[in-house]
Amino acid sequence: IRKFVFRRPSKVTRPTMKIAVIGQSLFGKEVYKELRKDGHTIVGVFTIPDKDGKADPLATEAEKDGVPVFKLSRWRVKGQALPEVVSQYKATGPELNVLPFCSQFIPMEVIDHPKHGSIIYHPSLLPRHRGASAINWTLIHGDKKGGFTVFWADDGLDTGPILLQRECDVEPNDTVNTIYKRFLFPEGVKGTVEAVRLIAEGKAQRIPQPEEGATYECIQKKENSKIDWNQSAEAIHNWIRGNDKVPGAWAEVDGQKVTFYGSTLIDNGVAANGRPLEICGASRPGMVTKAGLVLFGNDGGALLVKNIQFEDGKMITASQYFSAGASATVVLTEEEKAFAEQMRAVWQSILTNVGQIEDSTDFFKSGAASMDVVRLVEEVKLCASSCQLQNEDIYMNTTFQDFIQMCVRKLRGEDDEEELIVDYVEKNINNMTVKMPHQLFINGEFVDAEGGKTYKTINPCDGMAICDVSLAQISDVDKAVAAAKEAFEEQEWGKMNPRDRGRLLYKLADLMEQHQEELATIEAIDSGAVYTLALKTHVGMSIQTFRYFAGWCDKIQGSTIPINQARPNRNLCFTRKEPIGVCAIVIPWNYPLMMLAWKTAACLAAGNTVVLKPAQVTPLTALKFAELASRAGLPKGVINILPGSGSLVGQRLSDHPDVRKLGFTGSTEIGKQIMKSCAVSNLKKVSLELGGKSPLIIFADCDMDKAVRMGMSSVFFNKGENCIAAGRLFVEESIHDQFVKKVVEEVKKMKIGDPLDRCTDHGPQNHKAHLDKLVEFCQFGVKEGAVLVCGGHALQRPGFFFEPTVFTNVQDHMYIAKEESFGPVMIISKFKSGEIDEVLRSANATEYGLASGVFTKDISKALYVSERLNAGTVFVNTYNKTDVATPFGGFKQSGFGKDLGKTTCTSCNCKCFFFNQKLYFIYFIFWLSVCQETHNKSWEFLRSFV
């Protein structure tokens, strides 16, 4: 829990000045607004003329406030100031000129006129990168530090004394746009206003610029931004990002100028699969891959370009270079035509200089600028909330027709997303063609494991291999965690509205439902689950789980907490739930899909990303799930699936410093090891669902038929491979023999066989090692003197079949009374009538505490026993009942943390905030209601206060 303590400072009256703002753009607008908030009087705004009938944002804002605005095309002619312009300026009577962003040459008669002179904002650490393309050259030169300078204007080019400087780190893949948005714009506005404040207070510095280290570079234009390929990959990357978006680094490809955008440095291995592209002058051909266009430097290094633009202005994703223009035109429905007309009106409102919006109207050739792109994206959201556009979508679809086609495809879910390539293993089985992915799923792609390593997954029904599955290595784990981290921190998932996140999870649940027969068939052949059970429980409950948690996405919320000192000091405290980050999940082999759903759905609902290791013996439904998640629209990196060994993949996930939480279901022994590794590595959060030896107490006053039926289910459900299976039944002595007789009769009726046969009650055990363990377990029981009533042996047939088994006369000290079989083995002990506390002691005499049960018609007895059973779940006159809305988890060495239910939505960090803020709002409303008739400046006062 992080605590933030805020205290509202006492009001300070600052000295103010009369200021002339000279410049343009959104940056100039924000500086202007902040100067007014600081109490300064803006005596005039001097800016550029309207372009294509549209005023500059600074002019628009000033005109709205009634500030005099002068739209000047120029200040001087042939080096001489225009007298009429200078006169207009001097008439405003400024004490300081502020030039936040100015593209015009301002004469010295204006610069030197105010009492305090003039200050200029410049986006570099002067004296480095003097000139008009400072941000571009910061990146082109690969500077590790960037920043801005506010300096006193003189008659040189960016040579005046320094008033204030602020610096920032330049990230390896920063572009002009990213560093500007992250630092130069927001901090630049603050810095410029702070500089004015220092001048007003008489504290402003004048530090002469040193000539050592001074640089001046030319303005970056299209003609001088051609790429020089005779340099390293890093230098080429710096050149491309330094020219992104304007003017754009270009090269000759197929006889035309092609401009590159969105460059990142990469490892050479990314270029393994793709189609070569000859580039004039390059040291080697580029490679068009699924990720984009890979380019190479003369040092063998590589970089990846995401987008490219042709000479006609058309921009596409680089991965589509060879398929550009191949898609057919979408025919619009009546509803989509209505949407198109709405969008035509929006375009018309933005492009006011265009008489009529035709299908061929080009957004940018008609005068649109970057701010118009932002507005168009927001207008689309208002008209169709499900159509979430990025700025890049506008740049890649510049004509109205292309724009509408792109929007409609997105609304239909057919928005030309990169095609998911799946190398299926296909089998005609269960009256259908089952298509199974078998590779690792990392960052939205199915890929081979490092070194191409594979293993065979076995069908437990016949012991034959189903297919080869990629075997993840440590390097694959690192790639998957890196992808999950990037998806959480940098990509759209981390910024997504919770309600939109829920919409994706609902869509995923719908897709799972559409494929439920296929999923159940894969589950049956990979885990041995009976098909009908797999359809209802393994798959059915998985679908329910995703729907349940989809509904929680926008309901994970903090609370307001009344605290001491709340009054009269007006302190406010509240908490907020925030996602943790990358969550690792390690699941068992008994319910492969359901265990995935139980843990993954809650993590995703909270906004986390996931790296999941399925059990090595049952990977196939997890990989099919990954395919469906991708097709549902979950962004790349949100879900990653890594089949592999626990000792390698599971251990690396436990140790990985970028994993923030790990959820594990499995044995207590492995759970302890995971907990230790998580603590030593980075103290990551852990939730564990571990072993069990669940007691079921059956009293003589029970409903006998129901007790037999539910007792059978408590042990033999899902072949006994059930974490909450009744590991030991305590039957009251007076009904013991009758109960055993009825159970044996029912066991003999069970049909053992092919899990795809609809008549089968009992399928094969999951894998050979587990079958051997069950045989050994029963041999222990016989050796220690327990009575083997039926079963206890493997069936002599292909596959891993084991007979449903019943032991009686089991004593507390025996191995089979204490250890979990995790198979179809019923362990029965009897107790004497009236010995409730004694049987409770035996029932609780275990280190496990996952589940328990009691059968009796006496409600008082049921309450007495259930309250004293030390387990996370207690069943009364029933068993094996779980629901997505109820918490599931154990006590003692059965682990801690819960799956399912509201409590699972705590896959979040809880952040605590403290505020101290006097609430003036009510007083202002009252004051304004009384005074607005007589005080013309009341609304202006309210605006400045807020």
Side-chain angles (χ1 to χ4, degrees), residues 1-2 474 477-478 480-481 484-485 488 545 549 556 577-591 594-615 622 639-642 644-692 723-724 820 847-851 871-873 887-911:
I1 298 177
R2 284 197 285 169
I474 288 178
V477 178
D478 292 343
V481 173
K485 184 181 180 184
F488 178 75
T545 302
F549 283 108
I556 301 171
K577 300 290 181 65
E578 298 179 349
I580 294 169
V582 180
C583 294
I585 297 174
V586 181
I587 57 174
W589 40 259
N590 57 328
Y591 294 103
M594 195 171 77
M595 291 295 99
L596 176 153
W598 282 20
K599 295 186 182 298
T600 302
C603 284
L604 297 180
N608 301 297
T609 55
V610 168
V611 180
L612 182 138
K613 190 199 89 65
I639 291 173
N640 304 271
I641 308 292
L642 301 176
S645 70
S647 60
L648 201 69
V649 177
Q651 187 62 53
R652 179 56 182 155
L653 288 171
S654 301
D655 294 335
H656 204 292
D658 290 330
V659 172
R660 294 299 172 187
K661 180 174 181 178
L662 191 147
F664 171 74
T665 297
S667 72
T668 299
E669 179 186 4
I670 300 301
K672 291 178 179 179
Q673 179 60 43
I674 284 175
M675 191 174 177
K676 180 180 178 181
S677 298
C678 289
V680 171
S681 57
N682 61 341
L683 210 63
K684 55 177 67 71
K685 295 186 177 185
V686 185
S687 62
L688 303 172
E689 197 253 279
L690 308 176
C723 45
I724 58 172
E820 182 180 24
E847 277 301 302
Y848 301 113
L850 190 56
T873 299
F888 181 93
F891 298 164
K892 299 187 287 188
Q893 292 197 45
S894 286
F896 51 82
K898 298 290 185 181
D899 291 327
L900 304 179
K902 176 182 177 180
T903 55
T904 316
C905 293
T906 55
S907 293
C908 304
N909 288 323
C910 183
K911 188 185 288 183

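The residues of the chain are indexed from 1 along the displayed sequence. Everything numeric here is computed off the predicted structure, so don't read it as measured data.
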With sequence neighbours left out, the residues meeting side-chain contact (heavy atoms from CB on, under 4.5 Å) with Leu690 are Phe664, Thr668, Leu688

Distance-only, no hydrogens or angles: does the Ser894 side chain make a donor-acceptor pair with backbone N or O of Gly849 under 3.5 Å?
yes

Considering non-hydrogen atoms only, spot the tightest contact between Val686 and Phe896 and give its length.
O-CE1, 3.2 Å

NZ on Lys613 to OG on Ser654, rounded to 0.5 Å:
10.5 Å

Using 0.5 Å steps for rounding, measure from the OH atom of Tyr591 to the CH2 atom of Trp598.
8.0 Å

With distance as the sole test, does Asn682 use its side chain to make a donor-acceptor pair with the main-chain N or O of Arg660 at under 3.5 Å?
no

Between Asn608 and Gly581 (side chain of the first, backbone of the second, donor and acceptor by atom type, cut-off under 3.5 Å), is there such a pair?
yes

If you take all heavy atoms of Ala871 and Phe891, which pair is closest and at what distance?
O-CE1, 3.1 Å

Which pair of non-hydrogen atoms, one from Ser677 and one from Asp655, has the smallest distance, and what is that distance?
CB-OD1, 3.4 Å

Leu662 vs Ile674 side-chain heavy atoms within contact, under 4.5 Å
yes

Nearest atoms (heavy-atom pairs only) where Ala480 meets Leu642
CB-CD1, 3.8 Å

Would you compute the distance between atom CD of Glu689 and atom CD1 of Ile587 and round it to the nearest 0.5 angstrom?
12.0 Å

Residues which pass salt bridge (charged side-chain N to carboxylate O under 4.0 Å, His left out) with Asp658, listed by chain and number, not counting sequence neighbours
Lys485

I'd like to know if the side chain of Asn640 and the backbone of Val610 have a donor-acceptor N/O pair within less than 3.5 Å.
yes

Give, for atom OG1 of Thr665 and atom CG of Leu596, the distance between the pair rounded to the nearest 0.5 Å.
11.0 Å

Taking all non-hydrogen atoms of both residues, which atom of Ala597 and which atom of Thr545 are closest, and how far apart?
O-CG2, 3.4 Å

Answer yes or no: is there a side-chain heavy-atom contact under 4.5 Å between Thr873 and Leu850?
no

Can you check whether Leu612 reaches Ile639 side chain to side chain, under 4.5 Å on heavy atoms?
no

NZ of Lys661 to NZ of Lys684: how many Å apart, nearest 0.5 Å?
13.0 Å

In terms of heavy-atom contacts, Val649 and Val477 come closest through CG1-CG2, 3.8 Å

Ile585 side, atom CD1; Ser687 side, atom OG - distance, nearest 0.5 Å:
8.5 Å

Within the structure provided, determine whether Lys685 and Asn909 are in side-chain contact (heavy-atom separation under 4.5 Å).
yes

